There are 2 protein chains.
Amino acid sequence: MNVTPQRVAVYRALLQAEDHPSPEELYRRVRRRMPSLSLATIYKALDALTRLGVAREVSVISERKRYDANLDRHHHLVCTRCKKIVDFYDDGLDAIAPPRRLSAFVAHSVSVQVMGLCGRCAQDTPRSRQKGRRACN
Amino acid sequence: MNVTPQRVAVYRALLQAEDHPSPEELYRRVRRRMPSLSLATIYKALDALTRLGVAREVSVISERKRYDANLDRHHHLVCTRCKKIVDFYDDGLDAIAPPRRLSAFVAHSVSVQVMGLCGRCAQDTPRSRQKGRRACN
DNA sequence: CTACATGCAAATCGTTTGCACTCCA
DNA sequence: TGGAGTGCAAACGATTTGCATGTAG
């Protein structure tokens with residue numbers, strides 16, 4: 001893994017940012033100082049920084065929309081490998097009240113996601129860290 | 001809002017599903033009994049069901065990828081209107097341990113998202129429920 | 001008759017990929 | 001000289017939209 005001006009610029013912009021910017025947003029910002037930079041490079045740099053472990057994606061459940069007709073209060077186990085989502089119920093977690101010192105923020109709901117590997121995926125790849133999705137169920 | 005065979009079929013499939021299906025997945029399932037159904041109708045029906053309040057999107061922070069260079073343990077306030085994401089720290093939440101009776105699931109991290117409206121959006125629309133994104137900061 | 005819902009195809013948007021080119025080790 | 005990184009453009013996949021048609025009130 002190599003240190004390049006582009007990666008440094010992206011990382012700097014990310015460090016300075018307070019707002020969890022999207023790749024496009026970072027592009028807009030970094031390009032001011034480095035007009036030659038391309039959007040594809042932003043994506044590649046973010047991937048590099050993430051693999052390096054100095055940045056991460058804000059927990060996104062999955063790349064697709066997912067729907068639920070279960071309106072009960074519940075939480076989700078999300079397998080980061082095969083993207084399976086399993087409900088789980090937990091009174092303790094339900095009891096979480098949004099902290100009150102949220103200034104002006106009006107909370108509507110609290111959702112807890114436990115990220116990890118489902119049984120099958122955990123067994124399947126004891127140590128390997130493959131990229132991409134896997135068929136599971 | 002109107003009850004149609006298509007909407008009923010989509011809702012039924014969603015009720016029976018245990019796995020938080022994506023629109024495409026629902027399409028595959030519903031089409032078995034209603035081959036004329038189109039994918040676009042699935043999307044429209046899901047939108048209708050969501051507006052009706054009988055279904056919901058599994059909490060997706062935003063439609064875009066969002067990155068963070070802050071690796072400290074922290075949680076997120078997500079404004080569902082303007083998509084702003086604000087960090088917050090809370091020792092109580094940090095103390096959440098993934099329940100152990102998760103069968104084979106291997107938990108790596110727990111993330112808490114408080115969904116709601118940021119101050120500006122809450123003020124802006126006292127009662128209206130507009131669709132779409134808003135510029136905020 | 002009118003308003004709304006459907007199905008299709010085209011358009012859009014974010015993200016990824018292939019490739020030629022450059023740069024430094 | 002070769003492997004890695006960049007920039008561009010094309011490809012891709014999910015979602016949305018426009019529009020002609022159908023249908024129920």
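Any value given below was found using the heavy atoms of this structure, including those in side chains, with hydrogens, waters and symmetry copies removed. Computed from a prediction, not measured in an experiment: that's the story for all the values here. All chains are named by letter (A, B, ...) in the order of the sequence lines, taking the proteins before the strands, and each is independently numbered beginning at 1.
Of the side-chain N and O atoms in Thr4(B), one or more sit less than 4.0 angstrom from OP1 or OP2 of dT6(C). For the pair Ser38(B) and dC8(C), the criterion of a side-chain N or O lying under 4.0 Å from OP1 or OP2 is not met. Contact annotation: Lys65(A) side-chain N/O to dG14(C) OP1/OP2 distance is not under 4.0 Å. A sub-4.0 Å separation between OP1 or OP2 of dT6(C) and a side-chain N or O of Ser36(B) is absent. At dA5(C), one or more side-chain N or O atoms of Arg7(B) fall inside 4.0 Å of OP1 or OP2 (strictly under the cut-off).
To the nearest angstrom, P of dG13(D) lies 13 Å from CZ of Arg28(B). Spacing between atom OH of Tyr27(A) and atom P of dT15(C) amounts to 14 Å, rounded to whole angstrom units. Nucleotide dG14(C) holds its C1' atom 14 Å from the CZ atom of Arg66(B), rounded to whole Å. The interatomic distance linking Met1(A) (CE) with dG3(D) (P) rounds to 18 Å, in whole Å. Atoms NZ (Lys83(B)) and C1' (dC13(C)) sit 15 Å apart, rounded to a whole Å.
Of all heavy-atom pairs between Asp68(A) and Asn70(A), the closest is OD1-N, 2.9 Å.
Here the side chain of Glu24(A) is nearest to one of dG14(C), dT16(D), dG7(D), namely dG14(C). For Lys44(B), the listed nucleotide lying nearest its side chain is dG18(D); candidates were dG18(D), dT15(D), dG14(C). Listed nucleotides dG7(C), dG7(D), dT16(D) differ in distance to Gln6(B); the shortest reach to its side chain belongs to dG7(C). The Tyr43(A) side chain lies nearest to dT15(C) when the options are dA9(D), dT15(C), dA5(C). Closest to the side chain of Pro23(B), out of dT15(D), dC8(C), dA14(D), is dT15(D).
Where Asn2(B) and Leu39(B) each meet DNA chain D at their nearest nucleotide, the meeting point lying more 5' is that of Leu39(B). Mapped onto DNA chain C by nearest heavy atom, Tyr67(B) and Ala40(B) fall at different nucleotides, with Ala40(B) at the one closer to the 5' end.
The pair Lys65(B)-Glu57(A) meets the salt-bridge criterion, with a side-chain N (NZ, NE, NH1 or NH2) lying under 4.0 Å from an Asp/Glu carboxylate O. We find that Asp19(B) and Arg29(B) are joined by a salt bridge, their nearest charged nitrogen and carboxylate oxygen being less than 4.0 Å apart.
The NZ atom of Lys84(A) lies 9.5 Å from the CZ atom of Phe105(B); values are rounded to the nearest 0.5 Å.
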### Message
For His74(B) and Asp90(B): C-alpha separation, side-chain torsions, deciding distance, then whether side chain to side chain donor-acceptor pair (under 3.5 Å) applies.
### Response
CA-CA 7 Å; His74(B) 67 278; Asp90(B) 185 295; over 6 Å; no
